[in-house]
Amino acid sequence: MIKKVIMKNLICSNCAGKIEKALAQLPYINSASFNFPNQVMLIDATDEYDDDKAIGEIKEIVDSIEDGVDTYSYDKRHFIETKKRVENYNSFFIGIGLYIIGWLIFKFAPQIEFSTNSDIVGFLLHGNFNQDGVHIHHVIFYYSIPVYWIGYFFIAYKIFRKTLKGIKRGEIFNENLLMFIATFAAMMLGEFFEAILVLIFYTVGEYLQHRAVDKSKKEVSSLIDLKIEYANVKEDGVVVIKDPMSIRKGDILVVKHGEKIPVDGTIITGSTSLNTSALTGEAKLSHVKIGDYILSGNINVGSLIEIEASKEYSESTIAKIIDLIENSTNHKARTENFITKFARYYTPAVTIGALLLFLIPTSYEYFTNAPVVHYEEYMYRAATFLVISCPCALVLSIPLSYFAGIGAAAKNGILFKGSTFLHMITNVDAIGIDKTGTLTHGNFTVSEFTNDEVFKIAASAEVFSNHPIAQSIVKQYEGDLYQYTDIEEIPGLGLVVKTEAGTILVGNKKLLSKHKVRVRDKKNMLGSNVFVSKNGRYLGKVIVSDQIKDSSVNVIQRLSKSHSITMLTGDNNLIAKSVADSLGGIDYRSGLMPEDKVNAFNEIETKNLKMYVGDGINDAPLLRNADIGVAMGNGSEIALDVADVIIMGDDLNLLEKAFTIGHKTKLIVYENIILSLGIKFLFLLLAGFGLSNMLMAIFADVGITLIAVMNSLRLIYSRRKPDERRES
């Protein structure tokens with residue numbers, strides 16, 4: 001079972017990874033995954049999970065890793081007040097002040113000459129000394145050294161405290177320990193200014209990293225701001241404001257101008273226009289009227305309407321979408337998992353490397369009786385090596401890149417169920433695609449029929465079917481209908497009607513052939529043929545046609561340049577060939593039953609991954625079994641359940657947009673990996689030969705981390721083109 005624990009103010013991705021790992025060690029937790037936009041830890045718990053006991057143990061683990069995090073159960077979020085995170089930098093600024101005092105003493109105090117160390121001691125104890133001598137000592141320097149050390153410990157207080165926490169957890173190798181050892185060694189070597197500057201840059205850099213991650217978290221949250229704050233419920237003629245969670249099926253809801261539709265329902269009073277951009281990513285209006293079924297999350301931009309709730313909030317479209325986004329970090333890309341494992345071995349490896357960098361040359365000089373053993377020089381190199389080695393840039397920027405990519409996609413009405421699918425989409429080279437409702441509008445119209453009687457029989461039978469073709473026939477027939485009662489629908493074939501006058505068949509040619517009815521009509525017309533027979537005698541047919549979407553032609557032709565595309569349809573060969581030719585001559589398979597589609601899709605050859613794109617209504621098997629299943633449509637339940645990627649709308653341009661965001665995310669991830677590892681290995685090499693100092697090292701650590709984080713945020717801040725901003 002999935003449990004949710006809020007961890008408010010947790011903005012360190014490295015710390016979040018450590019918490020995930022620590023929680024997975026608890027006996028009642030299988031795995032844990034943190035979601036940044038909502039500050040929620042998603043926990044796969046066993047049946048032994050007890051909320052009250054678990055929260056206490058989880059909070060203890062969180063506090064041992066990161067300070068200032070409010071940890072509490074998701075179910076109690078409405079009853080718990082949390083405070084805004086305020087970083088305590090008092091010790092840091094006290095340390096800076098002390099260090100400045102020490103520097104001022106050293107810089108501006110009078111200089112006094114000594115000949116011997118006893119003169120120094122005499123001055124410190126009694127204030128007298130011998131003026132004669134050849135060695136110059138700055139007595140004030142001896143006063144300033146303790147001030148430097150005290151200032152150092154104040155500045156390094158937080159790093160030292162985190163180091164102790166890591167050691168208590170058995171986590172010896174971490175970036176805080178590396179930084180503390182390196183700067184402490186520099187202080188021991190008398191490199192006071194470099195040690196303090198490294199700590200200052202590291203602390204400031206860490207602060208900027210947190211700010212950048214926090215800002216990106218808020219930015220992505222605003223991209224996918226779908227939350228419903230309240231609902232107007234009509235009770236005994238009085239409108240009462242309620243929490244959406246309290247809405248029950250059948251409640252009458254009042255939605256005013258500018259308000260969001262709180263739950264899925266049917267309009268019972270009024271007509272209006274809805275802004276669907278929150279779900280579809282498209283800034284366009286949809287006109288709705290009495291009897292229309294509308295989805296939660298859309299915004300009423302017209303007149304007041306009343307709707308009858310068809311679902312409770314937890315089952316509504318908007319709640320499911322929010323849940324999808326919250327759970328999106330459960331499926332991590334291979335690159336993320338690789339970086340986590342890489343950091344686990346990388347940090348101990350470079351620590352051992354730093355130790356060897358000191359031991360090997362000094363041991364060699366010692367055992368070969370070198371005139372001078374350069375302990376201090378090699379210790380400085382090792383300390384510089386440690387500062388460079390922190391893996392922050394990778395650990396922070398890679399998850400942030402995928403996080404930003406998922407957020408940018410959600411803003412465009414594209415929901416990825418995890419970063420793994422955002423990464424996998426870049427490896428797709430073959431696409432199987434449905435026709436009706438995906439490439440075409442799915443708005444069927446009756447273009448021709450044999451005679452009025454055939455049309456009437458077909459409409460009378462199709463009343464009992466929810467198929468789009470059936471509904472279009474019923475909608476366009478305007479006369480009285482026969483009142484049939486004994487109806488059997490055969491999926492993929494049609495309807496069998498039993499009457500006193502005999503058996504009526506309404507469906508495709510396969511249905512009639514199955515009942516040994518010969519179709520004598522040789523006239524081929526473009527469109528879907530609905531054949532009608534009675535008592536084994538063929539009566540005629542109704543022709544239903546559909547139109548190709550304007551976006552389909554351009555999108556398919558562009559995608560065909562880099563992908564093999566095959567259309568899979570149950571329509572006859574004549575219709576399939578016409579549509580395929582209109583789309584640029586793509587491959588197609590026609591006359592497919594639902595089970596045939598799976599086999600036809602499996603026969604598509606590919607070198608990498610295969611994608612299937614359908615409307616999410618009758619393509620569930622393919623959406624589930626494809627490497628990546630993409631559902632087109634306005635949040636149909638089957639799409640939300642089985643697809644890996646959901647496009648909230650019917651615009652095929654968003655499929656192309658999904659590929660674009662996937663490739664851009666992958667490019668930024670690889671840029672960050674190459675940048676981080678390339679710069680670090682270069683500086684590690686320089687440190688090994690003594691060609692870098694600690695200030696260069698801190699750039700290789702904090703500087704590269706900040707650059708990588710800023711590069712990740714390009715996915716958010718470049719999410720729209722200038723013309724797109726003007727349109728919205």
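What you see below is based on every heavy atom in this structure, not just the backbone, and it leaves out hydrogens, waters and symmetry mates. Numbers here are sequence positions counted from 1.
Scanning for salt bridge (Lys or Arg N to Asp or Glu O under 4.0 Å) contacts around Asp52 gives Lys76, with sequence neighbours left out. Applying the salt bridge (Lys or Arg N to Asp or Glu O under 4.0 Å) rule to Glu306 yields the partners Lys234; only residues at least two apart in sequence or on another chain are considered. Residues that satisfy the side chain to side chain contact (heavy atoms under 4.5 Å, CB included) test with Ile290, not counting sequence neighbours, are Ile267.
Taking each heavy atom of Asn300 and Ile305 in turn, the nearest pair found is ND2-CG1, 4.1 Å. Summarising the geometry of Leu253 relative to Pro262, their closest heavy-atom pair is CD1-CG, 3.7 Å, with the distance given to 0.1 Å. Between Thr438 and Met632 the shortest heavy-atom distance is CG2-CG, 4.1 Å. Across Asp615 and Thr436, no two heavy atoms sit closer than the pair OD2-O, 3.3 Å. The two residues Val530 and Ile469 make their nearest non-hydrogen contact at CG2-CG2, 3.8 Å. Taking both residues in full, the closest heavy atoms of Lys417 and Ile646 are given as CE-CD1, 4.1 Å, listed atom of the first, atom of the second, then distance.
Proximity of Val613 to Leu439: side-chain heavy atoms (C-beta onward) are nowhere separated by under 4.5 Å. Side-chain contact between Thr566 and Leu568: present, with at least one pair of heavy atoms (C-beta onward) separated by less than 4.5 Å. Side-chain contact between Val645 and Ile628 is present, with heavy atoms from C-beta onward closer than 4.5 Å. Considering only heavy atoms from C-beta on, Thr272 stays 4.5 Å or farther from Val255 through its side chain. Inter-residue side-chain proximity for Thr569 and Ile575 is flagged as unmet; no heavy-atom pair is nearer than 4.5 Å. Here the side chains of Ser545 and Thr445 are in contact, with some heavy-atom distance below 4.5 Å. Inter-residue side-chain proximity for Met7 and Asp70 is flagged as unmet; no heavy-atom pair is nearer than 4.5 Å. Side-chain contact check for Lys664 versus Leu715: some heavy-atom pair is nearer than 4.5 Å.
The side chain to side chain contact (heavy atoms under 4.5 Å, CB included) test with Leu422 is passed by exactly one of Ile661, Asp644, Ile414: Ile661.
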Decide side-chain hydrogen bond (donor to acceptor under 3.5 Å, both in side chains) for Thr266 and Glu308; before the verdict, give the C-alpha distance in whole Å, the side-chain angles of both, and the deciding distance to 0.1 Å. CA-CA 5 Å; Thr266 303; Glu308 180 180 345; over 6 Å; no
Given Arg558 and Glu656, is the salt bridge (Lys or Arg N to Asp or Glu O under 4.0 Å) satisfied, shown in steps? CA-CA 9 Å; Arg558 286 194 294 267; Glu656 188 177 21; 2.8 Å; yes
Going through the checks in order, is the side-chain contact (heavy atoms from CB on, under 4.5 Å) test met by Asp434 and Lys597? CA-CA 9 Å; Asp434 180 43; Lys597 277 191 175 184; 2.9 Å; yes
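Relative to the six-membered ring of Tyr230, Lys242 misses at least one condition, a distance below 6.0 Å or an angle of at most 45° to the axis.
Atom CD1 of Ile294 is separated from atom NZ of Lys289 by 12.0 Å, given to the nearest 0.5 angstrom. To the nearest 0.5 angstrom, Tyr49 atom OH is 11.5 Å from Asp44 atom CG.
Put simply, the side chain of Gln483 gets close to the backbone of Leu481: a donor and an acceptor are under 3.5 Å apart. Although no hydrogens or angles enter the test, the distance criterion places a donor-acceptor pair under 3.5 Å between the side chain of His257 and the main chain of Gly302.
The pair Asp571-Lys435 meets the salt-bridge criterion, with a side-chain N (NZ, NE, NH1 or NH2) lying under 4.0 Å from an Asp/Glu carboxylate O. Remark: Lys311 engages Asp264 in a salt bridge, criterion side-chain N to carboxylate O under 4.0 Å.
In the displayed structure, Glu478 atom CD is contacted under 6.0 Å by at most 12 heavy atoms of other residues, nucleotides or ligands.
Using cut-offs of 30° and 60° for the angle between ring planes, the Tyr477 and Phe455 rings count as perpendicular. Note on ring orientation: taking the six-membered ring where Trp is involved, the planes of His563 and Phe659 are tilted (angle from 30° to 60°).
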